Structure formats: C-alpha cells, structure tokens
Amino acid sequence: MSAAVRRNGQKLFFRFSSMPELPEVEAIRRQVQQVVAGGLIEKVRVHRRDVVRDRSARRKGRLSVDHVGQHQVIESVDRRGKQLVVLFSSSGGMIIRLGMSGRITIEEGLNRHPVPPHRHLVWTITPPKSSQKQIKMSFIDPRRFGGVYLFDSVEDCQSRLLTGLGPEATSIRGNRLHDLLGGTRRSLKAALLDQSVLAGIGNIYADEALHRAGLHPARTGDSISRPESTRLAAAIRSTLRVAIEAGGSTLRDHILPDGSSGGFIKNHRVYGRGGFPCLGCQGPLEVLTIAARTTTFCPTCQH
DNA sequence: AGGATAGCCTGCGGGC
DNA sequence: TGCCCGCAGGCTATCC
C-alpha cells in the first residue's frame, strides 16, 4: 500500500497489493469512500466480462455497462466482512470481492493502450466538487478469485449476496462466539475461516488470533469453554483493531540503517514464521495443514 | 446435513 | 541462466 506517488508520469493516489483481509479491505474502503462518494460514474469499461458475476434472472445474458454503474451516482462505500459494498443513489449497487489478489486503484489520467493485463474493469468517475479532477477507478485481479457482484436494491443485496454471512468479526463478543462454535465438531481454524460463522477472518488473522488467545487451531469448536471463547473473541477484536489502525498492512516495508532492504519485517507473530521462535516462549513455531490451509502455531503456548 | 475436499487461477520462488 | 514444479488461499461445488 502506498499513497500519492508518481509512476510513469501519472499521479497514482493509492494502490494496494498485500493480501486483502478485513483490515486491508477496511483501509481500501475508507480511501475509496473518501474519493468517490457522491461521484458520478460517467463511463465503465469491462475488459473481462467473467469478472462480473451476475446471477440475477432479470439480467441473465444481458449484461451491459449500465449494470456495472454507468450513469450512477455513488452513494456510499461500505464493508461487510471482506466485501466492499458500493451503493448507488438509485439503491442498486455492486459488491466487490478482492479474493486473493484483487486490488483497487484510483488514478488520474489513466489512458494506456493496450490496457495492462488483469485490469478487468475501469470506472471513470466525476467527483461531486467541480474543483476535483475526473478519476479512474480500476479493479485489478490477476488470479480472478475476486469479482464484482451486482444487485438491484439493498434488499436484493441482503437476501442474495450477504445472506448467510456471520456477524462481523470486528465486534464479536465471547458469548456469541461460544454459541457459534459450540455447535460444531470442526476445528477452530476451519470454523474461523468460515464466513457464515464469522465474517472477515482469513488465514492470517485466524492464526494470529488463535496464538494470542493461546488456543490450539485443531481444537474442535464444541470443546471451547466460555472463558476460552471470551479470550478468543477478545483476541480477534484486538488483532483486527490493531491491524486496521496500522492502515491494513499485513506486511510492512522496512529499510535498515545501512540502506539495505532487509526484506520484509512482518507485523504478525505466527503467520509465515514457521520454524522461527515463538515470541512468547522462544520455542520453534510449528506448521500444520488444517482445513486445507497452512496453519502456524506454537505447540507450547497454544492448547 | 455437516464436514471434508477439489478446483479455480497466476505469480513467484526454490531447486536443478 | 532458465525452466519446471509446487505452493499460496477465498470461495463455490461436489462428494461422503
């Protein structure tokens, strides 16, 4: 993530490239909201149709740029779990899922030919204040796990696209979490990754929260006591809060005093640190595959 | 029916 | 140096 740098002679307001989990999506939301709220979408370019996922029967096979917001005024940019909810003044809108590799850029004067690969949609937006320049918002996603989902109304969005999502991880409390986990024999890791249990946790923050709570990722949901649920809920909230306050960067760029890059120093305590010492007990962190996901934990501190 | 698993997709890094 | 292979993971479909 970076802000207002110049690249190829064009002003690039911001660009996100780290793996988008809830804190990254929230950082993107705040910036996008600030720039585009109240703006009019003058033009939409769809470079890859299949990135627009539209299961509305009314529009089946008839996708036009109007459906992706052309001529619409952007009312707000909200977030639900890891999804961006762009609401138009007409009450329709679109959900943007970033998946694994999705990015959103907002730039001035973007007019490159040919269009760079993976730049699937470009919205040309006129901001509400006439003093502000027209901007281009792009959805870029090399792996295309992400996508744009259209809805006709807030009700349609709720019933078709957001239904089945669990409560927001950012505000989960112990009692509620205990209820959510108590009914399952799956591992804590699998349950935390399930968006219908809790909305917003991905692989990184699942591992981070479990380590902070001192809970073994392979423990089953129904084995968790109330005090443990309280600990886990607190760990989830604080982990996400700190990450959001840090601007959503899961990886932070550090330059050592001697000028060498030093690679990346990570903010997280366990994710990506398999074999390295636990910051609690100094013992080596272990790596397991749980719920088909790489899981890093401390066998001493997590029970 | 809950839970596990395969598959989507490209970039990147390790190994040879 | 360059190529190949495996891994990364959010989410859906499918199977058990």
Side-chain angles (χ1 to χ4, degrees), chain A residues 15-26 28-29 47-56 79-85 94-104 115-121 138-150 157 160-166 168-169 179-210 217-224 240 243 248 250-251 261 263-264 266 268 270-275 285 287-297:
Chain A
R15 152 182 235 266
F16 296 88
S17 54
S18 56
M19 202 188 310
E21 290 214 30
L22 186 150
E24 289 74 28
V25 177
E26 178 59 22
I28 293 167
R29 186 199 71 75
H47 296 294
R48 262 201 89 110
R49 278 179 74 106
D50 61 358
V51 164
V52 182
R53 318 270 165 72
D54 182 15
R55 276 169 289 177
S56 169
R79 179 188 58 77
R80 185 77 172 83
K82 295 179 236 178
Q83 318 182 55
L84 284 172
V85 183
M94 57 189 180
I95 277 179
I96 302 176
R97 290 187 189 162
L98 298 175
M100 263 296 293
S101 57
R103 298 195 323 254
I104 288 182
V115 175
H118 313 312
R119 188 182 293 266
H120 307 308
L121 280 102
S138 302
F139 174 71
I140 301 165
D141 186 9
R143 294 161 82 170
R144 305 202 298 282
F145 280 16
V148 175
Y149 298 74
L150 309 180
C157 175
R160 202 162 47 79
L161 297 173
L162 297 179
T163 188
L165 264 193
E168 281 294 309
D179 293 342
L180 290 166
L181 297 175
T184 182
R185 292 199 55 75
R186 301 150 90 189
S187 65
L188 287 180
K189 178 67 183 268
L192 290 181
L193 290 176
D194 185 342
Q195 301 300 296
S196 70
V197 173
L198 207 55
I201 304 276
N203 201 37
I204 295 172
Y205 293 102
D207 281 8
E208 292 301 314
L210 287 167
R219 282 273 297 278
T220 60
D222 61 2
S223 76
I224 300 304
L240 293 175
T250 51
L251 302 174
S261 75
F264 290 102
K266 296 173 178 178
H268 19 260
V270 281
Y271 182 84
R273 296 193 62 243
L285 295 172
V287 180
L288 279 180
T289 298
I290 300 175
R293 291 288 170 263
T294 301
T295 303
T296 312
F297 69 104

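Residue numbers start from 1 in every chain, and the chains themselves are labelled A, B, ... in the order their sequence lines are given, proteins ahead of strands. These numbers were taken from a predicted model, which means no experiment stands behind them.
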Subject >> Value in whole Å for how far the P atom of dC11(C) lies from CD1 of Ile201(A) >> reply: 12 Å
Subject >> Any donor-acceptor N/O pair, Glu208(A) side chain to Val270(A) backbone, under 3.5 Å >> reply: yes
Original post:
Has His118(A) got a side-chain N or O lying under 4.0 Å from the OP1 or OP2 atom of dG11(B)?
Top reply: yes
Subject >> 5' priority, DNA chain B, between Arg144(A) and Ala190(A) [closest heavy atom] >> reply: Ala190(A)
Subject >> Asp194(A) backbone acceptor or donor facing Ser196(A) side chain under 3.5 Å >> reply: no
Original post:
When you measure from the side chain of Arg143(A) to the backbone N and O of Gly102(A), does any donor-acceptor pair fall under 3.5 Å?
Top reply: no
Original post:
Which whole-number value in Å describes the distance from Arg185(A) CZ to dC16(C) C1'?
Top reply: 18 Å
Original post:
Atom CG of Leu165(A) to atom P of dG10(C): distance rounded to whole Å?
Top reply: 15 Å
**OP:** Starting from C1' on dG2(B), measure out to CG on Asp194(A) and report it in whole angstrom.
**Re:** 11 Å
Subject >> Whether Gln195(A) side chain and Gly200(A) backbone form a donor-acceptor pair below 3.5 Å >> reply: yes
**OP:** Find the distance Leu98(A):CG to dG9(C):C1' and express it as a whole number of Å.
**Re:** 14 Å
Original post:
Which is true for Ser101(A) with a 4.0 Å heavy-atom rule: it touches a base, it touches only sugar-phosphate, or it touches nothing?
Top reply: nothing
Report all interatomic pairs (protein N or O, nucleotide N or O of nucleotides 5-8 of chain C) with separations under 3.5 Å.
residue	atom	partner	partner atom	Å
dA8(C)	OP1	Thr294(A)	OG1	3.1
dA8(C)	OP2	Thr294(A)	OG1	3.3
dA8(C)	N1	Arg143(A)	NH2	2.8
dA8(C)	N3	Arg143(A)	NH1	3.2
dA8(C)	N3	Arg143(A)	NH2	2.6

**OP:** Identify whether a stacking contact exists between Phe145(A) and dC11(C), where the ring centres must be under 5.5 Å apart and the planes under 30° apart.
**Re:** no
Original post:
Touch check for Arg293(A), heavy atoms < 4.0 angstrom, all strands: base, sugar-phosphate only, or nothing?
Top reply: base
